[in-house]
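Presented below is the structure to which this report refers.
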2 protein chains.
Amino acid sequence: MADPTASGESLLFLTDEQLRKGIEAMFFAYRGFTADPDRILEGMDYGRAHHRAIHFIHRSPGTTVSNLLTILGVTKQSLNRVLRSLIEDGLVEARIGRRDKRERHLHLTQKGEALERELSDAQRARMRAAYRAAGPQAVAGFRQVLEAMMDPELRKQYQGLKESGA
Amino acid sequence: MADPTASGESLLFLTDEQLRKGIEAMFFAYRGFTADPDRILEGMDYGRAHHRAIHFIHRSPGTTVSNLLTILGVTKQSLNRVLRSLIEDGLVEARIGRRDKRERHLHLTQKGEALERELSDAQRARMRAAYRAAGPQAVAGFRQVLEAMMDPELRKQYQGLKESGA
DNA sequence: TTGGAAAGTCAACAACGCTGACATACCTTT
DNA sequence: AAAGGTATGTCAGCGTTGTTGACTTTCCAA
């Protein structure tokens, strides 16, 4: 396993022990990452699935159900249940497509935008604190590793979103 | 909180847009992070909860159910269901405590160790590839940001595990 | 006009959270 | 030693959100 030609430094990161620590860091950090929105949503009839739908509808207003399915990676039956409750409660509006009337273009209502803001404010606050504590260089590394960890198709989704936002 | 002495660079990272990208990076990366073990476990009667139990029992052999509860952050009833199936299937052995007969000390059997290895090999392979692609400096930043993102109590758990492994 | 894509419904099921009720073991107090 | 409270773990049942399968309706395009 030891490669005498490589700089010791770079190989040190690839011990099973280092990798295990990275795995556990992902596990614990993701718990923190979702903790604040989870707290806000508990008590409402909503959960993480609703949060995700709200996030990506806010992110790409007018997106179709199909688009959302691709991004979220769930079945339409599962997403449909979530969307139905959001629409019934007046957080999301589904507009029938002009060109293609089969499509439903999804938008947040004012009420939906309000909840989105509450959720993302909480999540951004934690992210901001973590970024500040770690510093700019750490943030760049954080993003690099996360991107490398994605499945190639998911990475395209992510990068597509990244650009469409600019 | 604005610190006029900080370099402009560090503040640039704190735009809502940057934070949103970080949030979505966590979302997509976590999907990748769990994808390989999920694939291995589908078809067995097991899921992510079983994976987590197996991971931490392997990590700390002889740990009690209570310890595991604290680390995993679920109810004992939920964990119990998972442990019961693992014990029935001969992957985990629960030994009654000597001093305190209420306690169950958990160990992986050979069969359990085999599955643990299969799962963690897959997860480590992805982690290793991501680490290699991003480089040592990025990895350090990755770990710093993740650690800063944890809840304080979870961070203690994480750090405790880190040390006990050394 | 026929074929297929998009959207949605209904039904059933699995994984994994949760609460409540309970049994057993231990410890402290009397 | 007996009594009561705390800690540990088990069993039963429920809710959310994921899954598959079968089906209908609507519409565009060949």
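Keep in mind that what you see is a predicted model, and the values were worked out from it rather than measured. Sequence lines set the chain letters: A, B, ... in the order given, protein chains first and strands last, and positions in each chain run from 1.
- Of the candidate nucleotides D:dC28, C:dT19, C:dC16, C:dC16 has the atom lying nearest to any side-chain atom of B:Arg48.
- A heavy-atom distance below 4.5 Å is not found between the side chains of B:Glu103 and B:Val65.
- At least one side-chain nitrogen or oxygen of B:Arg52 sits closer than 4.0 Å to the OP1 or OP2 atom of C:dG17.
- Set against D:dC27, C:dG8, C:dA15, the side chain of B:Asp45 has C:dA15 as its closest nucleotide.
- For A:Glu88 and C:dG8, the CD to C1' distance is 14 Å, given to the nearest whole Å.
- Between the CE atom of B:Met44 and the C1' atom of C:dA15 there is a distance of 15 Å, rounded to whole Å.
- Using a 4.5 Å heavy-atom threshold, the side chains of B:Arg48 and B:Leu41 count as separate.
- In terms of phosphate contacts, B:Ser66 brings a side-chain nitrogen or oxygen within less than 4.0 Å of OP1 or OP2 of D:dT8.
- Straight-line distance from the NE2 atom of A:His51 to the C1' atom of D:dT17: 16 Å, rounded to whole Å.
- Two rings, from A:Phe27 and B:Tyr30, have their centers 6.0 Å or more apart.
- Going from atom CZ of A:Arg104 over to atom P of C:dA5 covers 18 Å, rounded to whole Å.
- Between D:dG9, D:dA22, C:dG8, one nucleotide has an atom nearer to the side chain of B:Thr64 than all others, and that is D:dG9.
- Considering only the side chain of A:Asp100, D:dC27 comes nearest among D:dG18, C:dA25, D:dC27.
- Among the nucleotides C:dC10, C:dG17, D:dG9, the one closest to the side chain of A:Gln77 is C:dC10.
- A:Glu116 and A:His55 are not linked by any side-chain donor-acceptor pair at a separation below 3.5 angstrom, with hydrogens and angles left out of the test.
- Within the 4.0 angstrom heavy-atom criterion, only backbone atoms of the sugar-phosphate kind lie near A:Gly73; the bases stay farther away.
- Regarding A:Glu103, its CD atom lies at a distance of 10 Å from the P atom of D:dC28, rounded to whole Å.
- Of all nucleotides listed (D:dT19, C:dG8, C:dC16), C:dC16 comes nearest to the side chain of B:Arg81.
- In this model, a donor atom of one side chain and an acceptor atom of the other lie less than 3.5 Å apart for A:His50 and A:Ser85.
- One interatomic measurement links the two molecules: CG of A:Asp38 to P of D:dT17, which rounds to 10 Å at whole-angstrom precision.
- At the phosphate of C:dC16, OP1 or OP2 sits under 4.0 Å from a side-chain N or O atom of B:His50.
- A:Arg20 has its side chain out of reach of B:Arg124: every pair of non-hydrogen atoms, C-beta onward, lies at least 4.5 Å apart.
- Among the atoms of the strands shown, only primed sugar atoms or phosphate atoms (P, OP1, OP2) are found under 4.0 Å from some heavy atom of B:Lys101.
- At C:dC18, one or more side-chain N or O atoms of B:Thr75 fall inside 4.0 Å of OP1 or OP2 (strictly under the cut-off).
- Rounded to whole Å, atom P of C:dC16 lies 10 Å from atom CG of B:Leu86.
- A residue-by-residue look at A:Lys76 and B:Val65 shows that B:Val65 has its nearest nucleotide of DNA chain D further toward the 5' end.
- Looking at the side chain of A:Ala49, the nearest of the listed nucleotides C:dA21, D:dG18, D:dG9 is D:dG18.
- Looking at the side chain of A:Arg84, the nearest of the listed nucleotides D:dG9, C:dT9, D:dG18 is C:dT9.
- Distance A:Leu83 CG to C:dG8 P: 8 Å, rounded to the nearest Å.
- Of the candidate nucleotides D:dT26, D:dT6, D:dG18, D:dT26 has the atom nearest to the side chain of A:Arg102.
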